[in-house]
Amino acid sequence: QGVHFGTLLLIIYTNDLACSLTNIKSVLSADDTTLYASSKEADELYHKMITDLDCLCDWFKANKLPLNIAKTNYMFFPYGNDHANNGFIVYISTDEIQ
């Protein structure tokens with residue numbers, strides 16, 4: 001009984017997370033969040049991610065929620081033959097994301 005109530009409260013509490021994002025989309029499920037974006041240009045995609053990850057970090061701070069960096073990862077699926085992300089390093093605040 002309490003488990004369902006806790007999950008419902010978390011969903012209600014985090015429901016406005018998507019409002020803090022302008023360039024990327026989000027999918028919320030229970031205690032997990034998936035963010036995604038697309039672009040034909042790797043540099044543009046990288047800029048979208050960095051901009052919204054900064055906004056996301058601010059949202060977490062404002063809502064006094066922790067973000068487990070150790071469980072945070074990103075994946076890049078290149079468009080066509082574009083493998084330009086090889087040098088990209090993604091950060092949330094000052095922490096590097098794997």
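Side chains are part of it too, since the values below use all heavy atoms of this structure and drop only hydrogens, waters and symmetry mates.
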Seminar exercise, completed: Output for pair (L67 CG, D95 CG), nearest 0.5 Å, gives 8.5 Å
Exercise. Which value, rounded to the nearest 0.5 Å, describes the distance between N23 atom CG and I50 atom CD1?
Worked result: 11.5 Å
Can you give me the closest heavy-atom contact between [X] and [Y], atom names plus distance?
X: V27; Y: Y36; value: CG2-CE2, 3.7 Å
X: I69; Y: E96; value: CG2-O, 4.1 Å
X: K48; Y: S38; value: NZ-O, 3.1 Å
X: L35; Y: T33; value: CD2-CG2, 4.0 Å

For this session: Show the numbers, then the answer: is there a side-chain contact (heavy atoms from CB on, under 4.5 Å) between W59 and L21?
Result: CA-CA 9 Å; W59 183 91; L21 305 172; over 6 Å; no
Problem set entry | Non-neighbouring partners of T34 that pass side chain to side chain donor-acceptor pair (under 3.5 Å), sequence neighbours left out | none
Problem set entry | I89 backbone acceptor or donor facing Y46 side chain under 3.5 Å | yes
Exercise. Under 3.5 Å, side chain of D52 to main-chain N/O of I24, donor-acceptor pair present?
Worked result: yes
Exercise. Got a sec, which residues hit side-chain contact (heavy atoms from CB on, under 4.5 Å) with A18, two or more places apart in sequence or on another chain?
Worked result: S26
Problem set entry | Chi angles and distances behind the side-chain contact (heavy atoms from CB on, under 4.5 Å) call for F60, I92 | CA-CA 11 Å; F60 272 92; I92 293 182; over 6 Å; no
